[in-house]
Amino acid sequence: MINPLKGMKDLTFDESQRFVHIITTASTIAKRYGYSYIETPLLEQTALFKRSVGESSDIVGKEMYQFIDKGKNDVCLRPEGTAGVVRAFVSAKLDRQPLKYKFYYYGPMFRYERPQKGRLREFHQFGCESFGEGSVYEDFTIISMIKDIFDALGIGYDIQINSLGCPACMPPYRDDLVAFLSNIKEELCDDCKRRIDTNPIRVLDCKNKSCQAKLTDSPKLLSQLCQECDSDFEKLKKLLDDADINYSIDTNLVRGLDYYSKSAFEFVSNEIGAQSAIAGGGRYDKLVEFLDGKPTPAVGYAIGIERIMELVTMPKVEREGIYLGAMSQEAIDMLFPIASRKRQEQKVTVEYAPKGLKAHLKSADRAGAKSIAIIGEDELKDGKIWVKDLETKEEKVITIKEF
RNA sequence: GUGGAUGUAGUUCAGUUGGUAGAGCACCUGUUUGUGGCACAGGUUGUCGCGGGUUCGAGCCCCGUCGUCCACCCCA
């Protein structure tokens, strides 16, 4: 038996229904916010992710499905969605238009990691990217959209926000932080010691409690933001307050990807194991230029489908369609013209084997049909069909033509 | 990459100090030979993950291997 690869999963029945429900709900809401669908390749040049996600990130450093294809191209299965959408945006030269573009997408992402709860090697994201809008109103609007989606899906969450600064205020802060961390280096965990050189900002969200204790007096970026970043962050908080959206400020919230600046936010759930982030995003005003486009402000987010899968409250399933069957072999063929006609407007299940009435009723019940129509011996004789509504239990015998 | 659990029927799991497998659910049949969901009765289903070892004998003990789950790292 051939099983799926490690960290890859088939979705069927309840799970696939949940998947579809999540995608349709999110898509519907994204469209209301003015977003249109974009589909980009799953396979891209490795250079795209190195330049956008950043070589210092674990994603690029050790988690990519990277290989050389038959044309000797260095390629990767996409580990996240934003890079591809930005590349598509630049490839289509939309950066030369003085217009705003908003795209939503969904699909599989790939990261070569050890699977655990809420983390797969092939997983799915639903995401949105808004280009050309530098206003913090857009950051707020995007957070509202995610809220609408989770509310529609019946998912509970907490929102955490932070500001990551911009090229004007982040580098000086980073230097201050490195200086601070270097002083207490010996008291930090081994990972953090390493991070001081590789990615000092990451020390801030170390899960190690003793490290966290040492960080209470660390320099805070929020108090060193430049004037623009500071006023944008204040505005974002006010907008959220005015909209009655609850949030907490997490100064240690660091997005895992290098391209974020200014607003960063995360939606978390405490019901799904160690991987608590169910959506994350933020502003990335410099990424379009990094990928050879004209400077274009942008903001976006992604939702982890698998992480919210079991949190979703599904709409009640209603009985639907007709179950068609016959009790004798000679009547089976008569079912197909009926099925064909009925399928123009509703779901039809045809049972090809002749069975007793009881067996048919059981099958119809299991198929979730709303009604059952059977040609039995009696009906066969005078061109009729027996029809029963499985909910109201009303039944009648009518001519096939009439049905 | 590191650590901890675990692998027995379609599924969830039991299986005592080693004596070659069992329950619930599901499924099929019947009670009701033309009336579903409920109830009752009966029935089908297994390379006990795989490979080796110990033993008269291994689902159980030992070694290896593969898979799964959970956690770390990191992230959606």
Side-chain angles (χ1 to χ4, degrees), chain A residues 1-9 13 22 26 53-54 56-64 78-82 106-127 146 157 189-192 194-195 198-199 202 205-208 253-257 260 265-269 272-282 300-309 319 323 325-328 354-372 374-380 386-395 397:
Chain A
M1 184 170 52
I2 297 177
N3 288 315
L5 291 167
K6 185 194 281 282
M8 318 235 161
K9 267 181 80 173
F13 309 118
I22 290 167
V53 178
S56 71
S57 71
D58 274 18
I59 293 179
V60 169
K62 56 183 191 187
E63 295 174 359
M64 290 213 291
R78 63 183 183 193
E80 57 97 47
T82 301
Y106 60 88
M109 308 294 163
F110 301 85
R111 294 183 197 172
Y112 197 87
E113 309 179 80
R114 281 283 284 271
Q116 69 184 74
K117 192 170 182 62
R119 193 167 75 201
L120 293 166
R121 287 185 172 180
E122 180 186 23
F123 61 102
H124 298 77
Q125 290 186 334
F126 176 94
I146 305 171
Y157 52 83
C189 70
D190 290 343
D191 283 329
C192 285
R194 178 175 47 80
R195 290 187 185 115
T198 58
N199 200 339
R202 290 229 71 89
D205 73 344
C206 179
K207 305 287 192 296
N208 190 315
L253 170 62
V254 178
R255 311 265 61 244
L257 293 72
Y260 287 106
F265 51 82
E266 209 160 83
F267 283 61
V268 297
S269 165
I272 54 168
Q275 312 304 318
S276 58
I278 53 176
Y301 73 87
I303 294 173
I305 308 289
E306 282 81 359
R307 294 210 176 153
I308 60 171
M309 201 83 111
R319 285 180 174 279
Y323 172 100
M327 293 170 67
S328 56
K355 288 191 200 176
L357 185 63
K358 186 188 172 74
H360 275 310
L361 279 160
K362 265 189 162 173
S363 306
D365 204 35
R366 201 166 328 148
K370 185 175 184 309
S371 61
I372 179 170
I374 301 293
I375 302 178
E377 268 110 51
D378 298 346
E379 290 79 12
L380 182 61
W386 173 84
V387 183
K388 177 171 183 175
D389 186 307
L390 289 169
E391 283 171 334
T392 65
K393 303 187 184 190
E394 284 169 44
E395 47 188 285
V397 175

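Just so it is clear, the structure is predicted and the values come from calculations on it, not from any experiment. In what follows, chains carry the letters A, B, and so on, assigned in the order in which the sequence lines appear, proteins first and then strands, with residues in each chain numbered from 1. Heavy-atom basis, side chains included; hydrogens, waters and symmetry copies ignored.
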query: Is there a donor in the side chain of A:Tyr106 and an acceptor in the side chain of A:His124, or the other way round, less than 3.5 Å apart?
result: no
- prompt: Between the side chains of A:Ser363 and A:Lys355, does any donor sit under 3.5 Å from an acceptor?
  reply: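 Distance-only check passes for A:Ser363 and A:Lys355.
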With [atom1] as the reference atom in both, quote the distance from [N] to [M] in angstrom, rounded to an integer.
| N | M | atom1 | answer |
| --- | --- | --- | --- |
| B:rG64 | B:rG4 | P | 13 Å |
| B:rA5 | B:rG18 | C1' | 24 Å |
| B:rU8 | B:rA58 | C1' | 14 Å |
| B:rG67 | B:rC62 | P | 22 Å |
| B:rG15 | B:rU31 | C1' | 34 Å |
| B:rG7 | B:rU45 | P | 24 Å |
| B:rG19 | B:rC60 | P | 11 Å |
| B:rG57 | B:rG49 | C1' | 23 Å |

Between [Y] and [X], is the closest basic N to carboxylate O distance under 4.0 Å?
| X | Y | result |
| --- | --- | --- |
| A:Arg119 | A:Glu113 | yes |
| A:Arg319 | A:Asp365 | yes |
| A:Glu394 | A:Lys388 | no |

- request: Kindly determine whether A:Arg121 and A:Leu5 satisfy side-chain contact (heavy atoms from CB on, under 4.5 Å), including the steps that lead there.
  value: CA-CA 9 Å; A:Arg121 287 185 172 180; A:Leu5 291 167; over 6 Å; no
I want to verify a distance call: between [options], whose nearest atom is closest to the [X] side chain?
| X | options | value |
| --- | --- | --- |
| A:Glu379 | B:rG34, B:rG37, B:rU35 | B:rG34 |
| A:Trp386 | B:rC27, B:rU35, B:rG37 | B:rU35 |
| A:Lys388 | B:rU68, B:rU35, B:rG37 | B:rU35 |
| A:Ala277 | B:rG36, B:rA76, B:rC73 | B:rA76 |
| A:Asp378 | B:rG34, B:rU32, B:rC72 | B:rG34 |
| A:Gln116 | B:rG37, B:rA76, B:rC73 | B:rC73 |
| A:Leu357 | B:rC69, B:rG36, B:rU35 | B:rU35 |
| A:Ala274 | B:rG34, B:rA71, B:rA76 | B:rA71 |

Measuring to OP1 and OP2 of [N], would you say a side-chain N or O of [X] lies under 4.0 angstrom away?
| X | N | answer |
| --- | --- | --- |
| A:Arg114 | B:rG67 | no |
| A:Gln125 | B:rA76 | no |
| A:Lys6 | B:rU68 | yes |

Does [X] use its side chain to pair, donor to acceptor, with the backbone of [Y] at less than 3.5 Å?
| X | Y | result |
| --- | --- | --- |
| A:His360 | A:Ile374 | no |
| A:Asp389 | A:Thr392 | yes |
| A:Arg307 | A:Gly118 | yes |
| A:Arg111 | A:Pro79 | yes |

With heavy atoms under 4.0 Å as the rule, sort [X] into base, sugar-phosphate or nothing.
| X | value |
| --- | --- |
| A:Glu395 | base |
| A:Glu306 | nothing |
| A:Glu266 | nothing |
| A:Gly118 | base |
| A:Leu390 | base |

Gap between atoms [atom1] and [atom2], on [X] and [N] respectively (whole Å):
| X | N | atom1 | atom2 | result |
| --- | --- | --- | --- | --- |
| A:Leu5 | B:rU68 | CG | P | 9 Å |
| A:Asp365 | B:rC27 | CG | C1' | 15 Å |
| A:Lys362 | B:rU32 | NZ | P | 15 Å |
| A:Arg307 | B:rC70 | CZ | P | 12 Å |
| A:Met327 | B:rU35 | CE | C1' | 10 Å |
| A:Glu377 | B:rU33 | CD | P | 14 Å |
| A:Arg119 | B:rC72 | CZ | P | 8 Å |
| A:Lys358 | B:rU29 | NZ | P | 10 Å |

- request: Show the numbers, then the answer: is there a side-chain contact (heavy atoms from CB on, under 4.5 Å) between A:Ile375 and A:Trp386?
  value: CA-CA 6 Å; A:Ile375 302 178; A:Trp386 173 84; over 6 Å; no
Kindly give the atom pairs (protein nitrogen or oxygen, nucleotide nitrogen or oxygen) under 3.5 Å for nucleotides 40-45 of chain B.
none

Earlier contact from the 5' end, RNA chain B, for A:Gly280 and A:Thr392: A:Thr392
query: Pick the nucleotide of RNA chain B nearest each of A:Gly273 and A:Ala302; which residue has the one closer to the 5' end?
result: A:Gly273
- prompt: Using Watson-Crick and G-U wobble pairs with both distances under 3.5 Å, what is the 5'-to-3' dot-bracket string of RNA chain B, with [ ] for crossing pairs and | for pairs outside the strand?
  reply: (((((((..((((.....[..)))).(((((.......))))).....(((((..]....))))))))))))....
field: Parallel, tilted or perpendicular: rings of A:Tyr301 and A:Phe126 (30°, 60°)
entry: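 Rings of A:Phe126 and A:Tyr301: tilted, as their planes differ by 30° to 60°.
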